[in-house]
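Everything numeric here is computed off the predicted structure, so don't read it as measured data.
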Amino acid sequence: MPRHPGRQLERLSQPAAARLLAGSGTAVIATGSVEQHGGHLPLGTDAFAALSIAERVAERLDTVVASLGAVGIAPYHLPWPGSLTLAPATLAAIVVDICGGLRSAGAERIVMVNWHEGNSPTLRLAASAAQQQHGVQIVIAEAHVITSTQYPGEMEFTHAGAMETAAVLAYDADLVRLDEATQPSDHAAGEAAHGLYRRPDVYPVLSDFRDIAPTGWYGQPARAERARAEEIAEAVADYVVQRAGEIWAALASPAAPGNPVTDDGTVTAAEAGAGR
């Protein structure tokens with residue numbers, strides 16, 4: 001499986017990590033969650049999915065990936081013992097501190113690869129604070145959203161269904177145990193309820209995941225296949241790198257609001273935060 005665990009910051013020696021960070025001017029951060037996913041997937045599904053994509057992104061950018069830790073913001077899963085959550089302020093503080101350390105090592109740009117909806121609001125606020133405090137330029141890649149939108153139908157945007165099963169298969173297939181699956185909740189009812197909380201305009205705020213799936217999960221995990229899961233993970237990593245590059249290029253453009261311009265009308269890389 002073409003994962004790249006050797007890109008994980010904690011597995012590298014200090015000189016090796018320093019060379020990669022300074023040489024690329026870029027770092028990758030992975031964010032996920034520890035929450036119930038029925039009997040067939042591990043509690044760390046979101047964390048493993050994020051790390052799987054983040055490692056591949058780091059390989060393509062020739063840099064390192066730093067994990068914030070497995071736990072994210074998931075209070076609505078706490079009715080199931082084993083699920084964990086951070087307070088939003090805790091996660092935000094971790095993000096800001098880690099971005100500061102990466103910036104000190106030479107990373108002017110950071111790609112944050114997230115695989116958990118509950119983290120998203122806090123990550124946006126934390127990224128803004130990190131940019132203000134440390135002068136980094138952050139892009140957030142919602143890997144679960146990318147996977148679902150790039151493969152609609154095939155990678156269903158459920159909870160513990162085909163998409164998340166594929167994500168774990170692409171990380172470590174031994175962690176998927178379909179023969180131990182617990183009873184799923186009704187698929188149509190789960191999609192309808194989940195859709196209310198995912199509305200972009202007027203929406204309720206989720207307090208208890210049983211309001212979506214009384215048994216904790218819904219979807220069709222048996223539809224996920226290992227070889228296809230690997231193909232999709234690789235394609236999602238490609239997508240993240242492509243979109244990040246497009247964003248960095250746009251933000252470095254003289255036409256981008258707030259970019260300082262030299263006497264001849266060009267923007268310097270350092271001033272624009274374009275990095276390397």
Look at the side-chain heavy atoms of Ile, Leu, Val, Met, Phe, Trp and Tyr, link any pair under 4.5 Å apart, and say whether L125 and V113 land in one connected group. no

Exercise: identify the closest heavy-atom pair between A17 and L9: CB-CD1, 3.6 Å

Between L86 and V96, is there a shared hydrophobic cluster once you connect ILVMFWY residues whose side-chain heavy atoms come closer than 4.5 Å? no

Is any side-chain heavy atom of D211 closer than 4.5 Å to one of Y76? no

Do D201 and R199 meet the salt-bridge criterion of a basic N to acidic O distance under 4.0 Å? yes

Rounded to the nearest 0.5 angstrom, the CD-CG distance for E117 and L206 is 9.0 Å

Do you know the tightest heavy-atom contact between A130 and C99? CB-CB, 3.8 Å

Check the pair L123 / L91 against side-chain contact (heavy atoms from CB on, under 4.5 Å), numbers first and verdict last. CA-CA 8 Å; L123 293 179; L91 179 60; 4.2 Å; yes

Tell me whether the count of non-hydrogen atoms from other residues, nucleotides or ligands lying under 6.0 Å of CD in Q220 goes above 12. yes

Side chain proximity check, Y171 to L51, heavy atoms < 4.5 angstrom: yes

Quick one, E108 and W248 - any side-chain contact, counting heavy atoms below 4.5 Å? no

From OG1 (T158) to NE2 (H194), nearest 0.5 Å: 8.5 Å

Do I212 and L78 share a hydrophobic cluster (ILVMFWY, side-chain heavy atoms under 4.5 Å, transitive)? no

Side chain proximity check, V95 to M112, heavy atoms < 4.5 angstrom: yes

Only residue of Y218, Y197, F209 satisfying ring pair (Phe, Tyr, Trp, His ring centres under 6.0 Å) with H159 is F209

Looking at R198 and E191, is there a salt bridge between them, counting it only when a charged N and a carboxylate O are closer than 4.0 Å? no

For a 4.5 angstrom cut-off between non-hydrogen side-chain atoms, does V136 reach L102? no

Do T182 and W217 pair up side chain to side chain, a donor and an acceptor below 3.5 Å, judged on atom types alone? yes

To the nearest 0.5 Å, atom OG1 of T147 lies from atom OH of Y239 at 10.5 Å

Within the distance-only criterion (no hydrogens, no angle test), does the side chain of S104 pair as donor or acceptor with the backbone N or O of G100 below 3.5 angstrom? yes

Quick check: do V236 and V57 have side-chain heavy atoms less than 4.5 Å from each other? no

Using only atom types and a distance under 3.5 Å, with no angle test, would you say the side chain of H40 pairs donor to acceptor with the backbone of A160? yes

Separation between CG (L21) and OG1 (T26), nearest 0.5 Å, reads 9.0 Å

Quiz: residues 28-39 side-chain donor-acceptor pairs under 3.5 angstrom, not counting sequence neighbours:
residue	atom	partner	partner atom	Å
T31	OG1	N114	OD1	2.7
S33	OG	E35	OE1	2.8
E35	OE1	H116	ND1	3.3
E35	OE2	H77	NE2	3.3
Q36	OE1	G38	N	3.4
Q36	NE2	H77	ND1	3.1
Q36	NE2	G216	O	2.9
H37	ND1	E35	O	2.9
H37	NE2	D46	OD1	3.0
H37	NE2	E164	OE1	3.3

Just do the side-chain contact (heavy atoms from CB on, under 4.5 Å) check on R228 and Y151 with the steps written out, would you? CA-CA 11 Å; R228 182 61 173 154; Y151 301 93; 3.4 Å; yes

Give the minimum heavy-atom separation between A222 and L178, together with the two atoms involved. CA-CD1, 4.0 Å

Among pairs that include at least one residue of residues 121-136, which meet side-chain hydrogen bond (donor to acceptor under 3.5 Å, both in side chains), considering only residues two or more places apart or in two chains? none

Verify same cluster id: F48, V145 (apolar side-chain graph, 4.5 Å): yes

Under 3.5 Å: donor-acceptor pair, side chain of S148, backbone of H144: no

Measuring from I247:CD1 to Q242:CD, what's the distance to the nearest 0.5 Å? 10.5 Å

Roughly how far, to the nearest 0.5 Å, is CD of E142 from CG of N119? 8.5 Å

Hey, does the side chain of E156 reach the backbone of A162 with a donor-acceptor pair shorter than 3.5 angstrom? yes

Closest non-hydrogen atom pair, V65 against E10: O-OE1, 4.4 Å

Are the side chains of P5 and R11 in touch, meaning some heavy atoms are under 4.5 Å apart? yes

V241 with I232, same ILVMFWY side-chain cluster at under 4.5 Å: yes

Could you pull out the closest heavy-atom pair between A233 and I53, with the gap in Å? O-CD1, 3.6 Å

Report yes if the side chains of L41 and L175 come closer than 4.5 Å at any heavy-atom pair, otherwise no. no

Nearest heavy atoms of E230 and A170, plus distance in Å: OE1-O, 4.0 Å

Could you pull out all residues at least two apart from E59 that satisfy side-chain contact (heavy atoms from CB on, under 4.5 Å)? H4, R7

